Protein chains: 2
Amino acid sequence: MNLPPLIQTFVLHFGEMGSRWGINRTVGQIYALLFLSPDPLNAEQIVQQLGFSRSNVSMGLKELQAWNLVRLQHLPDDRRDYFTTPGDLWEILRTLAEERKKREVDPTLTMLREVLMQTPSSDAERHAQTRMQDMHDLIELLTRWYDDIHRIEPSRLAQLLSLGAKVQKIFEVKDWLTGGGPERTGRSVPAAPADSGDTTDRRRPPSGS
Amino acid sequence: MNLPPLIQTFVLHFGEMGSRWGINRTVGQIYALLFLSPDPLNAEQIVQQLGFSRSNVSMGLKELQAWNLVRLQHLPDDRRDYFTTPGDLWEILRTLAEERKKREVDPTLTMLREVLMQTPSSDAERHAQTRMQDMHDLIELLTRWYDDIHRIEPSRLAQLLSLGAKVQKIFEVKDWLTGGGPERTGRSVPAAPADSGDTTDRRRPPSGS
DNA sequence: CCGTAATTTCAGAAATTTGTGAAATTATAG
DNA sequence: CTATAATTTCACAAATTTCTGAAATTACGG
């Protein structure tokens with residue numbers, strides 16, 4: 001391996017981290033290298049810099065493409081394949097989430113649904129099913145949230161995130177406006193917003209920011 | 001392996017899934033079994049049900065304890081160790097997030113900070129550093145958000161999540177209330193938060209712990 | 001203490017995953 | 001079509017991880 005020290009540290013770290021996820025060391029390092037590179041790289045250049053065999057690099061790139069983590073492009077008058085990672089980190093994050101969801105979450109949800117359809121034939125199975133139902137509901141809540149949130153454009157999302165727990169105050173506002181308690185979350189007031197003619201017993205607006 | 005079919009399906013699935021994460025098949029299966037079990041189990045019972053060697057189960061339980069995913073307890077007049085998983089799924093989720101953060105995110109942040117301190121000695125290194133800075137900033141934003149959010153009690157958090165992308169409306173409310181945010185908040189002069197009554201889906205009320 | 005039950009450790013066997021070079025395939029220019 | 005460059009496939013070697021049984025350790029009642 002023949003890299004500037006600063007880059008090498010990063011590449012090695014991602015190699016290690018890669019193996020904690022499903023991804024293997026080689027693939028992690030290839031990705032890290034592409035991520036840091038200002039220009040697209042071809043397989044031969046990666047071989048040069050990381051010292052893996054040509055075939056191993058080929059495999060690694062194939063895997064990264066399967067994960068949609070890497071983009072293939074061509075330079076004029078050069079028929080080798082060049083690879084890059086997206087410049088926008090939010091896009092990378094989204095891809096990562098998308099792919100992991102597809103590979104891990106969705107199959108689990110499917111499995112849970114199938115098993116929950118079956119009729120339990122013992123107390124043990126009955127209990128197991130309630131546990132699985134809980135898990136199913138939680139996962140579904142989280143994925144629905146994700147499906148909803150992941151379309152928000154990055155700068156807005158960043159704003160939202162930096163709000164952190166303060167978003168809770170939205171409930172105070174909502175309660176104040178609707179007169180509903182925090183327990184009742186139902187889509188209970190479909191049409192006209194409650195703030196119009198309602199003169200009875202308003203709450204105080206939330207204090208502090 | 002000698003299990004009711006419905007439980008077996010779940011256990012095997014988690015074995016597979018486990019290996020996609022850092023966790024190995026055995027450990028995944030042990031966890032799944034404990035998760036479904038109505039009562040605490042001791043090592044011998046796990047050996048019975050999963051058919052692993054006693055020592056393998058011992059290792060697996062040790063690993064689960066290291067992850068804080070499993071709780072050790074004792075029954076009266078019985079000196080064997082019994083294990084359970086928490087009944088509250090939110091707690092499990094939190095533990096999982098906590099531990100992964102500790103093992104994966106924090107070391108990465110540390111590494112990035114160290115490397116960002118160094119003085120680049122080439123254009124390549126200079127470019128690499130800006131990439132790393134981007135990554136650092138994104139991770140920090142996400143972890144700050146997590147640190148903030150993870151303390152919210154489950155039922156409230158469930159409410160919040162089921163709001164999904166609608167939380168964006170908070171900016172309208174906030175602008176309206178404060179007449180200016182801490183940061184460059186949407187200057188698109190929102191209408192008064194007239195619609196905020198209808199913010200959530202109609203779902204079952206959040207099931208508290 | 002002693003005896004026994006429970007658990008853990010650990011060296012190495014078994015299984016799985018990763019990495020390689022050689023050969024095959026694909027693509028392209030002439 | 002042929003020659004050559006680029007990439008991929010694949011059988012097997014190397015490395016790593018997982019799993020086991022035997023031995024060691026720990027815990028505890030008597």
Side-chain angles (χ1 to χ4, degrees), chain A residues 1-2 11-12 14-34 39-67 70-84 103, chain B residues 1-2 11-12 14-34 39-67 70-84 103:
Chain A
M1 184 178 296
N2 178 27
V11 165
L12 291 177
F14 266 76
E16 291 313 313
M17 275 312 164
S19 30
R20 297 216 183 172
W21 290 49
I23 286 172
N24 77 42
R25 202 167 66 263
T26 312
V27 176
Q29 292 190 11
I30 294 174
Y31 184 80
L33 187 67
L34 288 172
D39 312 300
L41 299 178
N42 64 44
E44 197 49 50
Q45 293 173 304
I46 296 171
V47 168
Q48 289 301 314
Q49 307 202 54
L50 299 181
F52 300 135
S53 73
R54 184 53 239 272
S55 58
N56 198 3
V57 169
S58 178
M59 300 287 222
L61 288 169
K62 236 184 74 180
E63 180 156 358
L64 287 171
Q65 284 176 281
W67 276 83
V70 123
R71 201 168 287 157
L72 169 63
Q73 61 182 210
H74 285 104
L75 303 186
D77 298 328
D78 186 340
R79 60 193 174 90
R80 287 167 295 183
D81 295 342
Y82 282 81
F83 298 88
T84 42
R103 286 156 210 250
Chain B
M1 183 179 299
N2 178 27
V11 165
L12 290 178
F14 266 76
E16 291 314 312
M17 275 313 166
S19 32
R20 296 214 183 172
W21 292 49
I23 286 172
N24 77 42
R25 205 167 64 262
T26 312
V27 176
Q29 293 191 10
I30 294 175
Y31 184 78
L33 188 67
L34 288 172
D39 313 300
L41 298 178
N42 64 44
E44 196 50 49
Q45 294 172 303
I46 296 172
V47 167
Q48 290 302 315
Q49 307 203 54
L50 298 181
F52 301 134
S53 73
R54 184 53 239 271
S55 58
N56 198 2
V57 169
S58 179
M59 299 287 220
L61 287 170
K62 238 183 75 180
E63 180 156 359
L64 287 171
Q65 283 176 281
W67 276 82
V70 122
R71 203 168 286 156
L72 170 62
Q73 61 182 211
H74 285 103
L75 302 187
D77 298 328
D78 186 340
R79 61 194 172 89
R80 286 168 294 183
D81 294 342
Y82 284 80
F83 298 88
T84 42
R103 285 157 210 249

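In this text, all values refer to a predicted model and were calculated from it rather than measured experimentally. In the text below, chain A, chain B and the rest are named by the order of the sequence lines, each starting its count at 1.
- In this structure, CG of A:Leu50 is placed 17 Å from P of C:dT18, rounded to the nearest angstrom.
- As rounded to whole Å, 5 Å separates atom P of D:dT20 from atom CG of B:Asn56.
- Rounded to a whole Å, the CE atom of B:Met59 is 16 Å from the C1' atom of C:dA6.
- No donor-acceptor pair under 3.5 Å is formed between the side chain of B:Gln29 and the backbone N or O of B:Thr26.
- Residue contacts shown for B:Asn42 are absent, as no nucleic acid heavy atom lies under 4.0 Å away.
- One atom, CD of A:Glu63, and another, P of D:dT8, lie 14 Å apart when rounded to the nearest Å.
- Under 4.0 angstrom from either OP1 or OP2 of C:dT16 there lies no side-chain N or O belonging to B:Asn24.
- DNA chain C is contacted by both A:Thr26 and B:Gln65; B:Gln65 maps to the nucleotide lying nearer its 5′ end (nearest heavy atom per residue).
- A heavy-atom distance below 4.5 Å is not found between the side chains of A:Gln49 and A:Asn2.
- Picking from C:dT8, C:dG21, C:dC10 the nucleotide with the shortest atom distance to the side chain of B:Ser58 gives C:dT8.
- Within 4.0 Å (heavy atoms only), A:Arg80 reaches sugar-phosphate atoms of the nucleic acid but no base atom.
- Between the side chain of B:Arg20 and the main chain of A:Arg103, a donor-acceptor pair closer than 3.5 Å is present.
- Residue contacts shown for B:Arg25 are limited to sugar-phosphate atoms, with no base heavy atom under 4.0 Å away.
- Following rounding to the nearest Å, B:Asp77 (CG) and D:dG30 (P) show an atom-to-atom distance of 11 Å.
- Spacing between atom CZ of A:Arg54 and atom C1' of D:dC10 amounts to 15 Å, rounded to whole angstrom units.
- One can place CG of A:Leu72 at 9 Å from P of D:dT8, the figure rounded to the nearest angstrom.
- Both A:Lys62 and A:Arg79 lie near DNA chain D, and the one whose nearest nucleotide falls closer to the 5' end is A:Arg79.
- The residue among A:Ser19 and A:Asp78 whose nearest nucleotide of DNA chain D lies closer to the 5′ end is A:Asp78.
- One atom, CH2 of A:Trp21, and another, P of C:dT18, lie 16 Å apart when rounded to the nearest Å.
- In this structure, CZ on A:Arg71 lies 12.0 Å from CG on A:Leu34, to the nearest 0.5 angstrom.
- Of the listed nucleotides (C:dT7, D:dT9, C:dC10), D:dT9 has the atom at the smallest distance from the side chain of A:Ser55.
- With rounding to the nearest 0.5 angstrom, the CG atom of B:Asn24 is 7.5 Å from the CG atom of B:Asn56.
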